[in-house]
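Since the model is a prediction, treat every value here as computed from it, not as a measurement.
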Amino acid sequence: MTKKQEIDHKKKTNGYEYSLDTFIQDSHDKLQLASIADYDNSNIQNDNIGSHLYLSGFEGLSNSSKQTFNYKTPESITEYLKTSIIHGPLKTDLYPEGKIYFQGKSNVLTYPVSFLLEYNHNGKIKKEIIDQYEPDSGGGFYTPATIQSVFTYPIEKKNHIFVIVSWDIDFVASVGKGGSDYKIYSYTKDQNGNLKQDENLMNDPQLSGFDGSYTESNNEDHDKDIDITESFNLNNAEKLKKYLEQTYNFAIIQGPFETTLYSKGKIYFQAQESGYQTPVNFILEYNQDGQNKKVIIDQYKPNHVAAEIASVFTYSIHQKPYIFTIVKWSARPDTSNGRYGYFYKVYGYTKDQNDNLKLDQKINNDPKLKGFIGANQYEVKEEITFKYETAGKLKKYLNQKY
């Protein structure tokens, strides 16, 4: 704690300016102050404080008015650091006798919200800080994090804890932006049984966003300023669960197949276990710098019914390897103008200049690589506009055309 005398006869100020700016470090599963009030006192501890502490104020006379600063001693600062539960506790079956809750200081805008887990470990209650949600300091004004919703939901049959966090943005303080910033956090057990952020879900750009309005300024003519409104559609548990179900809860319907295009590469196709109005995901997994990467290469959307993978194979064009998929959709007379049979489309993928597996647009736009095989009950005749429904036939065409 620094203490600086401040005397200003013109402003009639006589007193002391106090300032404490310190980091907080982790020690033996507890957080403690690195330094406080000029004391090197390791006994000053609190389990639920933030990663950084800044306190300042004036004590003395200012314009004949007496002012006080209440945080000059270790005891007063320790009292300041006390937190309370602002959300929860909620039971979790991820751990024996497990419960989760969130602590913060509702009267201190600069204070983070801590996500805590308590559970039974070998007969003793263990408490861990899983995460901290720092305040937003945009526009020079601090906005504390708010816990909007907390729930458990399975992703690929593995339980996750989801936390919807928001920060209110004041229109005046942030200079023309008003509404709420949202971010969705996802946690699941790692291989060591520890509750950690799920990196795959945390990197999903759809799981964060802004809900409100802001002004796009035209510096030359403010009469041409544009007011823009944005919506974040995953701001409650019901909407988020629907998105997670449609995007992540898929079962492998074909594969996996090894691919030499990438180190330890494999491809496979996933679809939801129930329902026909859902896409089929084409997934690539590979090793990059010792890390396992998982990428959604493409989605085959339903056409009244779900897509089916008729064939998958690797084939080279001008010595450049491609992955081809032949996809088909069942046709019914009531939804396909009297047709019954299958609609087909061929997709070809190869590496781009950045080593990413991408759809080849020349092959994608080839009119001969899509069509129909079946019949029309109204015209009572066979209808065939697609001739490459097998890998053998398609390879012969690719060799002749490309």
Side-chain angles (χ1 to χ4, degrees), residues 23-24 48-54 83-88 90 100-117 129-153 155 160-188 195-219 222 225-248 296:
F23 286 94
I24 295 163
N48 313 307
I49 55 183
S51 59
H52 186 266
L53 176 66
Y54 177 73
T83 57
S84 60
I85 294 177
I86 60 175
H87 195 99
L90 307 167
I100 58 175
Y101 53 94
F102 300 82
Q103 285 189 326
K105 292 177 70 67
S106 58
N107 61 330
V108 182
L109 299 182
T110 59
Y111 213 81
V113 173
S114 296
F115 172 20
L116 290 104
L117 164 69
I129 298 177
I130 302 302
D131 211 344
Q132 285 190 320
Y133 313 121
E134 299 289 341
D136 187 332
S137 59
F141 290 80
Y142 282 93
T143 301
T146 300
I147 307 300
Q148 295 288 353
S149 183
V150 184
F151 61 91
T152 301
Y153 195 73
I155 299 296
H160 286 61
I161 295 174
F162 288 91
V163 184
I164 304 177
V165 185
S166 70
W167 294 262
D168 290 336
I169 307 299
D170 182 85
F171 185 84
V172 176
S174 61
V175 192
K177 183 178 180 181
S180 296
D181 281 326
Y182 282 86
K183 185 166 181 60
I184 295 168
Y185 294 80
S186 172
Y187 308 88
T188 191
L195 194 61
K196 299 290 185 181
Q197 287 187 3
D198 185 312
E199 291 186 6
N200 185 42
L201 287 162
M202 293 297 296
N203 291 329
D204 185 338
Q206 301 301 318
L207 297 183
S208 62
F210 174 68
D211 194 300
S213 62
Y214 62 93
T215 301
E216 191 174 88
S217 179
N218 185 315
N219 294 325
H222 286 294
D225 288 354
I226 301 174
D227 293 328
I228 298 174
T229 299
E230 292 185 6
S231 297
F232 182 69
N233 296 320
L234 305 178
N235 55 10
N236 62 50
E238 183 180 356
K239 293 177 181 178
L240 178 55
K241 287 178 182 178
K242 185 176 180 180
Y243 171 80
L244 295 170
E245 182 67 26
Q246 292 177 345
T247 308
Y248 290 98
I296 299 177

Under the rule for ring pair (Phe, Tyr, Trp, His ring centres under 6.0 Å), what residues qualify as partners of [X], not counting sequence neighbours?
X: F115; result: F102, Y187
X: F151; result: F162
X: Y182; result: F232

For [X] and [Y], which heavy atoms make the closest approach, and how far apart are they?
X: L201; Y: L207; value: O-CD1, 3.4 Å
X: P112; Y: Q132; value: CG-NE2, 4.3 Å
X: W167; Y: T143; value: CD1-O, 3.4 Å
X: A237; Y: S149; value: CB-OG, 3.6 Å
X: S180; Y: D168; value: OG-OD1, 3.0 Å
X: L116; Y: Q103; value: CD1-OE1, 3.8 Å

Worksheet item: Side chains of I155 and T188: closer than 4.5 Å at any heavy-atom pair?
Response: no
Discussion item. What I'd like to find out is whether the side chain of Y214 reaches to under 4.5 Å of the side chain of E230, using heavy atoms alone.
Written reply: yes
To the nearest 0.5 angstrom, please state how far the [atom1] atom of [X] sits from the [atom2] atom of [Y].
X: D181; Y: S166; atom1: CG; atom2: OG; answer: 9.0 Å
X: K196; Y: M202; atom1: NZ; atom2: CE; answer: 13.5 Å
X: I184; Y: L234; atom1: CD1; atom2: CG; answer: 5.0 Å
X: T152; Y: I161; atom1: OG1; atom2: CD1; answer: 5.0 Å
X: K241; Y: N236; atom1: NZ; atom2: CG; answer: 10.0 Å
X: L240; Y: E245; atom1: CG; atom2: CD; answer: 11.5 Å

Practice prompt. Show your reasoning for whether side chain to side chain contact (heavy atoms under 4.5 Å, CB included) applies to N235 and I164.
Written response: CA-CA 7 Å; N235 55 10; I164 304 177; 5.6 Å; no
Response to the item:
Sorted by chain and residue number, the side-chain hydrogen bond (donor to acceptor under 3.5 Å, both in side chains) partners of T146 (sequence neighbours excluded) come out as none
Response to the item:
Taken in chain and number order and not counting sequence neighbours, the residues that satisfy side-chain hydrogen bond (donor to acceptor under 3.5 Å, both in side chains) with S186 are none
Discussion item. Applying side chain to side chain donor-acceptor pair (under 3.5 Å) as the test, list every pair that has at least one member in residues 197-206; sequence neighbours left out.
Written reply: D131-Q197, H160-D198, D204-Y243, D204-Y248
